Number of protein chains: 2
Amino acid sequence: MLPQLGEVFRTHGYEGASLTLITAATGLGKGSLYHLFPGGKAQMAKEVLAEIDQWFEREVFAPLRDSADAQAGIGQMFKATDVYFRSGRRVCLVGVFALGAARDEFADAVHGYFDRWREALASALERAGHARGEAKELSEDIVAGIQGALVLARAADDPKVFSRTLARLKRRAGGR
Amino acid sequence: MLPQLGEVFRTHGYEGASLTLITAATGLGKGSLYHLFPGGKAQMAKEVLAEIDQWFEREVFAPLRDSADAQAGIGQMFKATDVYFRSGRRVCLVGVFALGAARDEFADAVHGYFDRWREALASALERAGHARGEAKELSEDIVAGIQGALVLARAADDPKVFSRTLARLKRRAGGR
DNA sequence: AATTCATTGTACCGATCGGTACAGACAGAG
DNA sequence: CTCTGTCTGTACCGATCGGTACAATGAATT
């Protein structure tokens, strides 16, 4: 039930995700919840973050780092990103945590997620022909652009903002 | 005391900004608080949002729209933005609200802020020589880039991420 | 001095917070 | 059937939530 748990944190933030909301979303009573997560809310959040990290490691970071065809790896990143964020209808849990007070408690997970994304993307961009420095800059622009597009799309309540911005970022990365 | 109030919402989000935190940050007891804001937390947030809107209207949107020299207006935007967000040490309250559950209650303010920013910037870019469509796209990229850079800077706990990204966005906008 | 009225601290409200205790439900093993 | 150990619903805990009531304060007006 980690996905449902994640959705609660995503929608209400760490502090806002009350146990009432969590039991409602998961169908699990407090008894089960604290049997599964003796560490309480903090452990729930930690495991959700770990699961997200695994997903991105598999679907995004690894392809970026390991694809023989770097450009294909980058394409896979954009595809997976679009799927994961439901084309702008979904928000980034790690981003939400990063902006809030929860960042400090989960600093490692939050820091690691963005840093490894940026790093993996820079590596792919470099192998795709960009100069080292240029690749670093572009990777920062792209990861920031994705996060910003999620903010804007949700602010406007219009997923198309995300799709448009993602398409332009892809073009800048050399995608067709 | 709207600025101090804003800082609490910025740091803890709307739901996370408890009256205890608010009284501590402002030095005002509940009595004064509810005398000044009979509408409670919702009214406090609304007035904070309105004050932020005014500041951006004066320091950012108006210069973008009205500057005789469009490029100078854009330069003023980047300068004001860097000052307001304390070179990446501060987060965007409207962005925080946009990502959270508070977006719906304050939908007008949240939507208006980003939309008018994007619109004013697009107008300036067009007057600075970009084609209409290109200006619209670039304005979306820049506003999203700023928001994303704030997320990344806070995630990494490193303001320089914001400064670097802001400088690159400025270059893309034609700034020197 | 008496009156008025905006301002404030404090006690208090019911509701909800995250978390704990624990008795019973339940399946599998002997 | 009995025992064992994993699960789970429920009652409850102290703390805190946003908000209200109200009496005391204090400055200005008459």
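Worth saying up front: this structure is predicted, and the values here are computed from it rather than measured. Below, read A as the first sequence line, B as the second, and so on, with proteins coming before strands; counting in each chain starts at 1.
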**Study point:** Strand DNA chain D in bracket notation, Watson-Crick/G-U under 3.5 Å with | for pairs to another chain
**Key:** ||||||||||||||||||||||||||||||

Review point. In chain order, what residues pass the side-chain contact (heavy atoms from CB on, under 4.5 Å) check against A:Ala144, with sequence neighbours excluded?
Key: B:Leu152

Exercise for review: Without swapping roles, check the side chain of B:Arg127 against the backbone of B:Arg65 for a donor-acceptor pair under 3.5 Å.
Suggested key: yes

Exercise for review: Measure the acute angle between the ring planes of B:Trp117 and B:Tyr113, then classify it against the limits of 30° and 60° as parallel, tilted or perpendicular.
Suggested key: perpendicular

Review point. Rounded to whole angstroms, how far apart are CZ on A:Phe37 and P on D:dT6?
Key: 18 Å

Check your understanding: Heavy-atom distance under 4.5 Å between the side chains of A:Leu2 and A:Ile52, does that happen here?
Key -> no

Study note, to complete from the structure: The correct set of residues in residues 99-110 of chain A placing a heavy atom under 4.0 Å from DNA chain C is none

Check your understanding: Quick one: salt bridge (charged side-chain N to carboxylate O under 4.0 Å, His left out) partners of A:Arg86, sequence neighbours excluded?
Key -> none

Show each protein N/O and nucleotides 25-28 of chain C N/O combination with a separation under 3.5 Å, one pair to a line.
none

Check your understanding: Side chain of B:Gln76, backbone of B:Glu59: donor and acceptor closer than 3.5 Å?
Key -> yes

Every protein N/O within reach of nucleotides 3-8 of chain C N/O, cut-off under 3.5 Å:
| residue | atom | partner | partner atom | Å |
| --- | --- | --- | --- | --- |
| C:dT7 | OP2 | B:His35 | NE2 | 2.6 |
| C:dT8 | O5' | B:Ser32 | OG | 3.2 |

Between the protein and nucleotides 11-18 of chain C, list the N/O to N/O atom pairs that are separated by less than 3.5 angstrom.
| residue | atom | partner | partner atom | Å |
| --- | --- | --- | --- | --- |
| C:dC17 | OP1 | A:Ser18 | OG | 3.1 |
| C:dC17 | OP2 | A:Thr20 | OG1 | 2.6 |
| C:dG18 | OP1 | A:Ala17 | O | 3.3 |
| C:dG18 | OP1 | A:Lys41 | NZ | 3.0 |
| C:dG18 | OP2 | A:Leu19 | N | 2.6 |

Check your understanding: Would you say the side-chain atoms of B:Arg154 pair up with the backbone N or O of A:Gly100, donor to acceptor, closer than 3.5 Å?
Key -> yes

Exercise for review: With sequence neighbours excluded, give me every ring-ring contact (aromatic ring centres under 6.0 Å, His included) pair touching residues 21-55 of chain B.
Suggested key: B:Trp55-B:Tyr84

Review point. When you check the gap from the basic side-chain N to the acidic O, do A:Arg90 and A:Glu7 get nearer than 4.0 Å?
Key: yes

Point to revise | Pair A:Asp115 + A:Arg118, salt bridge at N-O below 4.0 Å | key: yes

Exercise for review: First locate atom CG of A:Leu28, then atom CD1 of A:Ile22, and finally report the distance between them rounded to the nearest 0.5 Å.
Suggested key: 10.5 Å

Point to revise | Residues A:Arg164, B:Glu137; criterion salt bridge (charged side-chain N to carboxylate O under 4.0 Å, His left out); working and verdict | key: CA-CA 9 Å; A:Arg164 286 199 301 259; B:Glu137 294 186 357; over 6 Å; no

Point to revise | Donor-acceptor under 3.5 Å (A:Ser123 side chain, A:Glu119 main chain) | key: no

**Study point:** Sequence-distant partners of A:Asp66, side-chain contact (heavy atoms from CB on, under 4.5 Å), two or more places apart
**Key:** A:Ala62

Check your understanding: Which of residues 2-13 of chain A sit near DNA chain C, with a heavy atom under 4.0 Å from it?
Key -> none

Check your understanding: For A:Tyr14, which residues count as a ring pair (Phe, Tyr, Trp, His ring centres under 6.0 Å) partner, sequence neighbours excluded?
Key -> A:Phe9, A:Phe97, A:Phe106

Check your understanding: Which residues pass the side-chain contact (heavy atoms from CB on, under 4.5 Å) test with A:Arg116, sequence neighbours left out?
Key -> A:Asp53, A:Glu57, A:Phe61

**Study point:** N/O donor-acceptor pair under 3.5 Å between B:Thr23 side chain and B:Thr20 backbone
**Key:** yes

